[in-house]
Amino acid sequence: MSNQVNILLDWCTANSVHLDPRISIVESHESNGICVYSKDSFIPPETTLVKIPKDAVLSTRTCSLAGIIPIIPFGLGAQLSLAVALHVEMLRGESSRWYGYIRSLPNKPADLPLFWAINACGSLDGLEALSWLRGTEADKILRAPSSGNGASTLEEINRYYHDVAEPLLLRHSGVWQCTKAHGGLALKDFYYAFSMVSSRAFLVDAYHGLAMVPVADAFNHVVENNVHLESDFNVCPECGALYECVHDRDEHDEDDGDHDRRPPAATSGDERDIFFEMVSNAGIPSHSEIFNTYGERLTNAELLNQYGFILDVNDNDHLSWTMDEVLHLLSSEPVSRQDKDNVLRRFREVSSILRHSDATSLLSRSNIIHFLGSDNNSFSINSEGVVSHMLWTLLFVLSTRRQPETGLQAQLLAVLALQEQFELSLAEEDDDDGGGEVAVDETDVGLARLRVLLDIAGMVVTLCRERKRLSGKPGSEGLDLSELMEGIPSELPRTHLALSVLIGERSILDSCAAAWESLADGIKTIA
Ligand SMILES: C[S@@+](CC[C@H](N)C(=O)[O-])C[C@H]1O[C@@H](n2cnc3c(N)ncnc32)[C@H](O)[C@@H]1O
């Protein structure tokens, strides 16, 4: 057993963290750290595999500066506060209650793209990787302003460290300077703490908020997990009580509104009041790795930015555009405010027709349009290169926006029905059935509908080509990236990661463009 695992297990024993004897924490060469495996027996669903006493988690409520570090419930603010809590425990060294836990953490920061431009250590890997990441979904997340003032996440972390964390730690230096372990304050240690929080913390309940949960954070991620963390979020935010407490009464005295009331006092020894638990949600075969999920819908772009890794295959991946980006990429001239407003108005109208007509069933039968349940990532293509119905609708609007509004519903249904015929015909061609006939209405109205469909197909192809051209290193759209990646030495892991992300996105774009190109070819052959 590795030293790192031993240290963690000793800490668990000393802090009453209980591990089921059917599991073991082991060193993992693949993920360069630790992971959790089943031993030689099958573990049934709904088995509690780890019990972590609530007071053993490291949070702003339990750390040595509890009551001093600002309590922020979620978001970047919560991550920054927890990073200070972890940082002060790192500074306290052996005097910290979490010393063993902290020593068992990876000795290097999680390799988040956020730090790629600064953690260079003389290597150009980070900068090279960032140049390949350009224009990808991961790059969008990385560049998204983290606050209303437009600052990037890294700027926000730096500002927070200098304005809040460092002064606070200096003001309370008595808590950590009395110990021998600390090497003084350093921004790079705060970066380390932040990366650990980003890649390992759990939002546990309304009292602790975001917390480091020893052992729960030893499980690696897959989408279809076999364990999850069980915690009751709705505890008293003042004292963490699971049941009615003195703070409820205070609250109710002041305001008799609709509270999420907690039940009256516990039957003694209720474990949910004492522990957070890792529980199996599926049967776990013997001798296999046990996985948690960090989020069932996380894309590779999100995984890379928050955790520093990606999955080889990720069905959650998608590429998205804002409406402004679509308009900009598809217009040869600048788009005026009024133009945008008109498109938006028409888009809403057509979307409403879509929802209340037969169009939904036509759309759901398509192989190259998919129906999105929610409005998230509205204008997007999914991991199979299939266009969202909202993107299709927007392109329909762009193609028909100069036409009068009357007859819009009939036209929408007719264009979709035409697309269905072409898709069927192409599918038959692929099955070597020679391709079915598409009955074309050769009246002006019929030909206009064909033109709209051809237009939509052309716009999808343009969006894909432009996206490809604007991603990765400039001028790299024609390169064989897989071949290029084979030649990159293993000492450049970030470049490998960024190239994998780019290869994944380009293959989505290629398959989307190919599908719509063959639709366009089918239309051109007939029309
Ligand atoms: C919560 S920790 C999981 C335990 C971690 N392996 C360790 O050594 O402590 C999250 C980190 O584990 C690694 N990880 C988790 N799932 C992974 C996966 N499916 N593939 C590669 N690395 C993974 C990543 O480095 C991530 O930042």
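In listed order, ligands and their atoms are each counted from 1. Both backbone and side-chain heavy atoms feed into the values below; hydrogens, waters and symmetry mates do not. All residue numbers in this chain count up from 1 along the given sequence.
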Worksheet item: Are Glu277 and Lys54 within salt-bridge range, i.e. N to O under 4.0 Å?
Response: no
Fill in: Backbone of His496 reached by a side-chain donor or acceptor of Trp132 within 3.5 Å
no
Practice prompt. State whether Lys51 and Asp20 are salt-bridged, where the test is any N-O pair (Lys NZ or Arg NE/NH1/NH2 against Asp/Glu carboxylate O) under 4.0 Å.
Written response: no
Worksheet item: Only one of Leu105, Val197, Leu187, Asn107 forms a side chain to side chain contact (heavy atoms under 4.5 Å, CB included) with Tyr192, so which one is it?
Response: Leu105
Item to complete: Just go through Gln306, His221, Glu289 and tell me whose heavy atom is the nearest to atom 16 (N) of ligand 1.
Response: His221
Worksheet item: Which ligand 1 atoms, with their elements, are less than 4.0 angstrom from a heavy-atom of Gly33?
Response: 8 (O)
Fill in: Check: Asp217 N/O within less than 3.5 Å of ligand 1 N/O
no
Item to complete: Tell me which part of Leu311 gets within contact of ligand 1: side chain, backbone, both or neither, using heavy atoms under 4.0 Å.
Response: side chain
Discussion item. List the residues meeting side-chain hydrogen bond (donor to acceptor under 3.5 Å, both in side chains) with Asp139, not counting sequence neighbours, and say none if there are none.
Written reply: Arg143
Practice prompt. Pull out every atom of ligand 1 sitting under 4.0 Å from any heavy atom of Ser199, numbered as shown with elements.
Written response: 1 (C), 2 (S), 10 (C), 27 (O)
Worksheet item: In ligand 1, which numbered atoms sit nearer than 4.0 Å to a non-hydrogen atom of Ala218?
Response: 4 (C)
Item to complete: Determine whether any heavy atom of Phe219 lies closer than 4.0 Å to an atom of ligand 1.
Response: yes
Worksheet item: Would you say Ile34 has any N or O atom under 3.5 Å from an N or O of ligand 1, going by distance alone?
Response: yes
Worksheet item: Side-chain contact, heavy-atom cut-off 4.5 Å: Arg92 with Trp98?
Response: no
